Amino acid sequence: MNILLTGASRGVGLVICKTLLEQGHAVYAVSRTHSDEIAALQKQYPEKLFFKSADLGDPAAAKAAIFAEDFVSNKIALDAFVNNAAQAYDDIVTNLNLEPLRAMYEVNVFAPMLLTKYAIRNMLLHGKSGGIVHISSISAHTGYKGLAMYASSKGAIEAFSKNTAREWGGRGVRSNVVVPGFMETAMSATLSQEQKDRIYKRTSLKKATDISSVAETVAFLVSDRAASITGQAIHVDNGTI
Amino acid sequence: MEKLAQIINKIRANKGNAEPVALTPQTRLREDLAFDSFDLAELTVHVEDAFGKDIFEDGVVDTIADVCKRLGI
């Protein structure tokens with residue numbers, strides 16, 4: 001399968017990238033910056049991993065860079081789009097500042113919506129069914145201090161996915177969401193150990209969510225094994241309560 | 001115009017309308033060809049692939065003449 005993946009250079013995106021490559025897929029990986037890990041994967045999978053640097057903070061420019069002749073051109077028949085790139089804006093609501101809020105929405109909401117538009121158009125062009133998976137966050141379902149703005153962006157993308165599934169199901173396009181719990185990634189690196197422990201205590205398994213479990217779920221959802229799954233939000237969160 | 005007709009007839013054929021339709025500038029996409037919004041989306045991507053222009057980018061098109069005008073053909 002040909003899979004477009006954003007936010008591929010680090011964190012959960014990098015593990016998703018590795019998992020998809022290991023399963024034999026071709027990955028069109030997008031990130032703001034190239035990383036040593038991506039370079040190593042490109043060496044390992046020269047025929048399967050294609051990288052493009054793009055900043056989703058400018059959705060129109062990112063779309064132009066991604067759906068370009070030298071990357072995901074009309075000659076490439078996309079099977080799936082995995083929207084993983086995200087930006088955090090953590091603060092309490094009374095400190096909310098519009099500028100960083102807008103910047104976060106460009107990356108977390110507007111860019112993935114625009115890329116979904118062109119991913120579906122690519123699937124239509126090739127007359128193919130396809131899968132879309134958005135990476136959300138447990139914060140959209142369980143409240144945490146300081147995450148109201150970030151969680152709202154994930155809630156928006158979950159609603160977008162549900163409606164995309166309804167709208168395009170008749171043409172064979174599936175859209176699902178993976179809802180990870182807190183993982184040990186750069187995104188949660190600013191949290192103190194005490195804060196992390198408090199968060200993990202709210203899970204049934206009492207620990208950080210396993211990143212590879214999230215990646216495997218994404219790989220499953222884009223595959224034909226999930227042919228009857230659409231419009232869903234699959235929680236991979238250690239049973240957050 | 002011939003390429004446009006091919007695209008339109010292919011979309012109609014995929015919907016079970018095997019009979020090719022003769023297009024005139026006055027042919028309306030929705031009323032005469034019975035294209036719904038999904039058919040129009042399919043038309044858009046195939047036309048963009050063939051002619052390099054998104055015909056719905058600047059608003060709604062109604063007739064074949066509108067499409068030709070957008071494409072400059």
Side-chain angles (χ1 to χ4, degrees), chain A residues 1-4 28 58-81 110-132 160-175 230-231, chain B residues 1-23 27-73:
Chain A
M1 296 204 306
N2 292 318
I3 301 172
L4 172 62
Y28 291 80
D58 183 345
K63 177 263 159 187
I66 293 166
F67 291 94
E69 278 306 307
D70 65 344
F71 201 56
V72 184
S73 71
N74 277 351
K75 293 186 192 79
I76 306 294
L78 270 188
D79 296 281
F81 167 43
F110 302 145
M113 287 168 79
L114 191 66
L115 296 181
T116 298
K117 167 183 171 177
Y118 287 97
I120 293 175
R121 281 181 170 220
N122 179 292
M123 291 165 189
L124 273 180
L125 179 65
H126 294 281
K128 294 185 78 165
S129 55
I132 297 163
F160 179 68
S161 176
K162 172 78 85 176
N163 285 269
T164 302
R166 180 72 179 175
E167 189 172 286
W168 286 97
R171 299 281 169 140
V173 177
R174 298 180 297 108
S175 182
T230 192
Chain B
M1 189 72 166
E2 194 184 325
K3 181 74 190 160
L4 185 60
Q6 278 175 9
I7 292 170
I8 285 173
N9 282 316
K10 193 176 168 198
I11 294 169
R12 282 170 50 82
N14 289 342
K15 292 176 72 181
N17 300 305
E19 280 294 299
V21 66
L23 300 177
T27 304
R28 294 169 300 175
L29 300 172
R30 293 169 189 77
E31 291 83 352
D32 299 328
L33 299 178
F35 274 15
D36 64 15
S37 51
F38 299 106
D39 300 323
L40 293 172
E42 208 174 325
L43 175 67
T44 305
V45 298
H46 285 287
V47 167
E48 187 176 24
D49 188 50
F51 296 92
K53 179 132 179 74
D54 181 345
I55 52 173
F56 279 89
E57 189 73 18
D58 301 319
V60 173
V61 293
D62 185 32
T63 64
I64 293 298
D66 293 340
V67 175
C68 292
K69 195 174 164 194
R70 291 276 164 89
L71 297 177
I73 60 173

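Owing to the predicted nature of the structure, the values given are computational and were not obtained by experimental measurement.
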S.K.: Would you say NZ of A:Lys117 has more than 12 non-hydrogen atoms from neighbouring residues, nucleotides or ligands within 6.0 angstrom?
M.R.: yes
S.K.: Do other residues, nucleotides or ligands put more than 12 heavy atoms under 6.0 Å from the CD atom of B:Glu31?
M.R.: yes
S.K.: Using a heavy-atom cutoff of under 4.5 Å, enumerate the residues of residues 59-73 of chain B that contact chain A, numbered in order, or state 'none'.
M.R.: none
S.K.: Quick check on A:Arg171 against chain B: is it the side chain, the backbone, both or neither that has a heavy atom closer than 4.5 Å?
M.R.: side chain
S.K.: Can you pull out the residues in residues 37-51 of chain B with any heavy atom less than 4.5 Å from chain A?
M.R.: B:Phe38, B:Asp39, B:Ala41, B:Glu42, B:Thr44, B:Val45, B:His46, B:Glu48, B:Asp49
S.K.: Is the count of non-hydrogen atoms from other residues, nucleotides or ligands lying under 6.0 Å from A:Arg166 atom CZ greater than 12?
M.R.: no
